[in-house]
There are 2 protein chains.
Amino acid sequence: MDTASRPGLRELKKQRTRDALVRAALELFTTQGYEQTTVDEIVEAVDVSQRTFFRYFAGKEEVAFAVQATAESHFVKAVRGRPSHEPPLEALRRAVMASWDTIGDAVEAVIPLELHLRTFQLIESTPALLAPHLRRQESLEEELARVIAEREGLDVDTDPRPRVAVALFGGVMRLTSRLWGAGEDFSVDAMRELTASYLDQVGPALAENWHTDDGRGGADAE
Amino acid sequence: MDTASRPGLRELKKQRTRDALVRAALELFTTQGYEQTTVDEIVEAVDVSQRTFFRYFAGKEEVAFAVQATAESHFVKAVRGRPSHEPPLEALRRAVMASWDTIGDAVEAVIPLELHLRTFQLIESTPALLAPHLRRQESLEEELARVIAEREGLDVDTDPRPRVAVALFGGVMRLTSRLWGAGEDFSVDAMRELTASYLDQVGPALAENWHTDDGRGGADAE
DNA sequence: TGTCAACTGTCAGTGGCTGTCATTAGCCTC
DNA sequence: GAGGCTAATGACAGCCACTGACAGTTGACA
């Protein structure tokens, strides 16, 4: 019986150790800062050797992105689930909004949502974390471009539009993340509103002449 | 007489040491790889102590971006020099193209253009360098947003359009850089063509329905 | 020419990270 | 349920990026 996938005590302990390391690390990072936290402190809190830590995570920074990875695949899944009649950019927009609505379900198995939001804010405000974060975003964009191309039945290496569309979208997402991290309201609602209002500004920003002043309003910055 | 700014022997030696470190580092990085090169190797080639290296550069990665910084401010200068009647995105586009045309003048005081291009390619293909590169690009975008806002007589913290326009532009720039680095033609010409053709795709990518197939052509990827 | 300040070298030490090897502990078979 | 197999861990040594402290050297300038 249950030939499918039996956890097994070994697997369970591994998962437990990994989650404990993530929780301890994020708690330490968000309270005393990323660079002020040593790997020794993290492993001491979980009571494992330093060597074990580096068997679970390739480096100190990787543990900071463990939950981010969950959130990202949550978002990609949302994009995949969009009805195919939606134009690409509308699908992307609705997917972000939807995945922010349900982010708790995807994350709270490991850490409370509140800690995840604090971690996000930490990443945005810590150069040593922001850098790898942006690199991760770039590979996420490549994945998204392939999803979009598939949706539209196009070859991502022949037709430039999927990658360009995702690049435009990604540019605005990074902007909103930055402004969210630099602001004062670290709630999911603030993120949603910022996202929506800045995506509304894509058209106006592309206009030839900004001085006609059309299409403004709705986006309040900082 | 010449009260303005007299180099002085001290300044001269400093500049000499710094340039020598940059040249040695980039040469080593591009021939044997960034992570395969130790700081000890660099300082040995220039015959200074390791401590001196870290007095000139905050870290091993900073030396890799020394020339990039020159190229970036060259580009910002080009944007500032654009006639004010050009729409924002056209100004940005013409500024990139122009600064690629004259990049040699800005760079060859320190290293041959060819080494700079090899370095650029190295950055794009080395995760440990790509990450800080993207972070640098983000702060460059903030600077550009302020320049654009000034051009248009707007407040960058009130009107979202300058930042959105720069984010869109920056998204496409990162895309073209990535494709250039992943391609096979590492020439300036290849960069120029890639840039032009992908900027042409912004309109088409924003179109509601891609299947009408309008506005395509001109951009050949990979 | 002598004094000051800037620049540099040496040394010791910390922290992130890796290879190696012995030990422990879940798993599976008889 | 005793044994062997192997994954997981711990302990230790060592590399490399980076820093603080202190001493030595060398332009700058009176």
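All chains are named by letter (A, B, ...) in the order of the sequence lines, taking the proteins before the strands, and each is independently numbered beginning at 1.
Between the NZ atom of A:Lys14 and the C1' atom of D:dT6 there is a distance of 12 Å, given to the nearest Å. Rounded to whole Å, atom P of C:dG26 lies 12 Å from atom CG of A:Leu12. Rounded to a whole Å, the CD atom of A:Gln15 is 17 Å from the P atom of C:dG26. The CD atom of A:Glu35 sits 14 Å away from the C1' atom of D:dT19 (whole-angstrom rounding). Taking atom CD of residue B:Glu11 and atom P of nucleotide D:dC29, one finds them 11 Å apart after rounding to whole Å. With rounding to whole Å, B:Arg55 atom CZ is found 11 Å from D:dT19 atom P. We find that CD of A:Glu61 is positioned 19 Å from P of C:dG15, with the value rounded to whole Å. The CD atom of B:Glu62 sits 10 Å away from the P atom of D:dC18 (whole-angstrom rounding).
Between A:Arg163 and A:Glu142 there is a salt bridge, with a side-chain nitrogen of the basic residue lying less than 4.0 Å from a carboxylate oxygen of the acidic one. Note on B:Arg23 versus B:Glu27: no salt bridge recorded, every NZ/NE/NH1/NH2 to OD/OE distance being 4.0 Å or above.
Counting only heavy atoms from C-beta on, B:Arg10 has its side chain closest to D:dG27 among D:dG10, C:dT10, D:dG27. Of the candidates C:dT8, C:dT20, D:dG20, the closest approach to any side-chain atom of B:Arg51 belongs to D:dG20. Distances from the side chain of B:Lys60 to the nucleotides D:dC18, C:dT8, D:dA8 place D:dC18 closest. Nearest to the side chain of B:Phe54, among D:dT19, D:dC22, D:dA8, sits D:dT19. The B:Val48 side chain lies nearest to C:dG9 when the options are C:dC7, C:dA25, C:dG9.
Regarding contacts with the backbone of D:dA8, every side-chain N or O of A:Tyr56 stays at 4.0 angstrom or more from both OP1 and OP2. Close to D:dG10, at under 4.0 Å from its OP1 or OP2, lies a side-chain N or O of A:Thr52. Neither OP1 nor OP2 of C:dC7 sits under 4.0 Å from any side-chain N or O of B:Lys13.
The cationic group of A:Lys60 lies under 6.0 Å from the six-membered ring centre of A:Tyr34 and within 45° of the ring axis, placing it in a cation-pi geometry.
At the heavy-atom level, B:Phe57 lies nowhere under 4.0 Å from the strands shown.
Defined by atom type and a distance below 3.5 Å, a donor-acceptor pair is missing between the side-chain atoms of A:Ser187 and A:Asp189. For the residue pair A:Glu72 / A:Gln137, no side-chain donor-acceptor distance below 3.5 Å is found, with atom types taken as modelled.
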